[in-house]
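Below is one structure; the comments refer to it alone.
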Amino acid sequence: MTEKTTGASYAAAGVDIEAGDRAVELMKEWVKKTQRPEVLGGLGGFAGLFDASALKRYERPLLASATDGVGTKVDIARQMGVYDTIGHDLVAMVMDDIVVCGAEPLFMTDYICVGKVHPERVAAIVKGIAEGCVLAGCALVGGETAEHPGLLGPDDFDVAGAGTGVVEYDRLLGADRIRTGDAVIAMASSGLHSNGYSLVRHVLFDRAKMSLESHVEELGRTLGEELLEPTKIYSLDCMALTRTAEVHAYSHITGGGLAANLARVIPDHLHAAVDRSTWTPGAIFDLVGKAGQVEQLELEKTLNMGVGMMAVVPQESVDVALTALADRGVDAWVAGEILDRADHTEGATMTGSYAS
């Protein structure tokens, strides 16, 4: 007698379509909270729709786009079993790049890749993305959840996203607006944000043998809580500042550190000098440096060192700018100045020692 064999199926290969459908149903309520009046249709279509007629009020609208992920910080979320904050990081990484040129964030899409669809887990990730979109003032118009059994473990996941914004041509911010004597205003970060985690994980876990559950006196909480602190989203703060004061440029401090990112918006004939003594980086930066015996320059080119966004403004706008940011609860200070490049060879440098 021949034994009957069962044919192959998608489910047998590890892809659960029903679980994916349930995840979509669970995330709908969160996506709905991000809707702007320009968004048409609901979640579940093949494409997100945004009514471009809203751009008619612009004389010469420029669309700004950006895409990014969160990097190895997702592994901290996985280990801690906390999935509803990592979306804030994703929105910050995308939308704060867009606002740098003066653009208003309009909409965003996400991509979530998992080894196995756990509907509640996927919904929690989307909840965080949706909350981040609300903080950035943009709509979440759609996305994709992909199940990759065999390539990712059942609990593994990654997230990425892309966003679009708009800015009037003659209000575009950037290097061509910056002048000698402009002030460089720093805005405090909420911690490590979403860059440098490969170094941080190597130093704290592999070398210092710390655990996520370790309570760190200097941090006032566990290491895991500190490492999972969501990235601050500056989009609405920057837009409000641009409406209130004259702003020449912004710089989002991400991978590469403060000097390298600030240099990206400085014209070739000018130089930005940033004074370290104007602020004290948070305890997490000192912890990483000491635990791994990481040299200062290595720390500064990898981590944000307590500054998440910088604005370049004319000197006469400094007081108005600082007041506007303080009114929005943003910790900000004058950290440097734009100088003539004649006496310098770099686009941006750090001077002095950090305040203690």
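- Ion pairing between Glu295 and Lys290 fails under the 4.0 Å rule for side-chain N and carboxylate O.
- A donor-acceptor pair under 3.5 Å links the side-chain atoms of Asn304 to the main chain of Gly191, judged by distance alone.
- In this structure, a donor-acceptor pair under 3.5 Å is absent between the side chains of Tyr111 and Thr145.
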Notebook entry, point to check: Is there a side chain to side chain contact (heavy atoms under 4.5 Å, CB included) between Val91 and Leu135 once you walk through the steps?
Noted result: CA-CA 9 Å; Val91 175; Leu135 293 174; over 6 Å; no
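- Following chains of ILVMFWY side-chain contacts shorter than 4.5 Å, one can reach Val94 starting from Ile129, so the two form part of one hydrophobic cluster.
- Ring geometry, Tyr234 versus His252: the interplanar angle exceeds 60°, so the pair is classed perpendicular (tilted spans 30 to 60°).
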Check: Do Ile253 and Ser251 pass the side chain to side chain contact (heavy atoms under 4.5 Å, CB included) test, and can you show the C-alpha distance, the side-chain angles, and the key distance before you say yes or no?
Finding: CA-CA 6 Å; Ile253 311 305; Ser251 178; 3.7 Å; yes
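- When each of Lys116, Arg121, Arg78 is tested with Asp155 by the rule side chain to side chain donor-acceptor pair (under 3.5 Å), just one qualifies, namely Arg121.
- When side chains are defined from C-beta on, His271 counts as touching Thr349, because their heavy atoms get closer than 4.5 Å.
- Tyr197 meets the ring-ring contact (aromatic ring centres under 6.0 Å, His included) test with no other residue; sequence neighbours excluded.
- Under a hydrophobic clustering in which Ile, Leu, Val, Met, Phe, Trp and Tyr are joined whenever their side-chain heavy atoms come within less than 4.5 Å, directly or via other members, Met305 and Met350 fall into the same cluster.
- Here Tyr169 and Tyr58 keep their ring centres 6.0 angstrom or further from each other.
- Asp75 and Arg201 are joined by a salt bridge, as a carboxylate oxygen and a charged side-chain nitrogen come within less than 4.0 angstrom of each other.
- Between Asp156 and Val114, the closest side-chain pair of non-hydrogen atoms is not below 4.5 Å.
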Notebook entry, point to check: Between Tyr250 and Leu241, does a side chain to side chain contact (heavy atoms under 4.5 Å, CB included) hold up when you go through it step by step?
Noted result: CA-CA 11 Å; Tyr250 288 112; Leu241 179 58; 3.5 Å; yes
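- Judged by distance alone, with hydrogens and angles left aside, the side-chain atoms of Glu225 form a donor-acceptor pair with the main-chain N or O of Thr222 at under 3.5 Å.
- With sequence neighbours left out, the salt bridge (charged side-chain N to carboxylate O under 4.0 Å, His left out) criterion links Glu298 to Lys301.
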Notebook entry, point to check: Is there a side chain to side chain contact (heavy atoms under 4.5 Å, CB included) between Leu270 and Arg179 once you walk through the steps?
Noted result: CA-CA 8 Å; Leu270 297 178; Arg179 302 288 182 266; 5.5 Å; no
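- A single hydrophobic cluster is not seen to contain both Val318 and Ile178; linkage of ILVMFWY side chains at heavy-atom distances under 4.5 Å, directly or through other members, places them apart.
- Among the candidates Asp89, Asn195, Thr254, the single residue satisfying the side chain to side chain donor-acceptor pair (under 3.5 Å) test with Thr231 is Asp89.
- With hydrogens and angles ignored, the 3.5 Å screen pairs no side-chain donor or acceptor of Ser198 with any backbone N or O of Thr72.
- Taking a cutoff of 4.0 Å between a charged side-chain nitrogen and a carboxylate oxygen, Lys127 and Glu120 do not qualify as a salt bridge.
- A perpendicular orientation is assigned to the rings of Trp279 and Tyr354, their planes being inclined by more than 60° (bins at 30° and 60°).
- Note on Lys232 versus Asp96: no salt bridge recorded, every NZ/NE/NH1/NH2 to OD/OE distance being 4.0 Å or above.
- Thr67 places a side-chain N or O within donor-acceptor distance of the main-chain N or O of Gly161, the cut-off being under 3.5 Å.
- Judged as a salt bridge (charged side-chain N to carboxylate O under 4.0 Å, His left out), and not counting sequence neighbours, Arg243 has no contacts.
- Contact check for Glu147 versus Pro149: side-chain heavy atoms found under the 4.5 Å cut-off.
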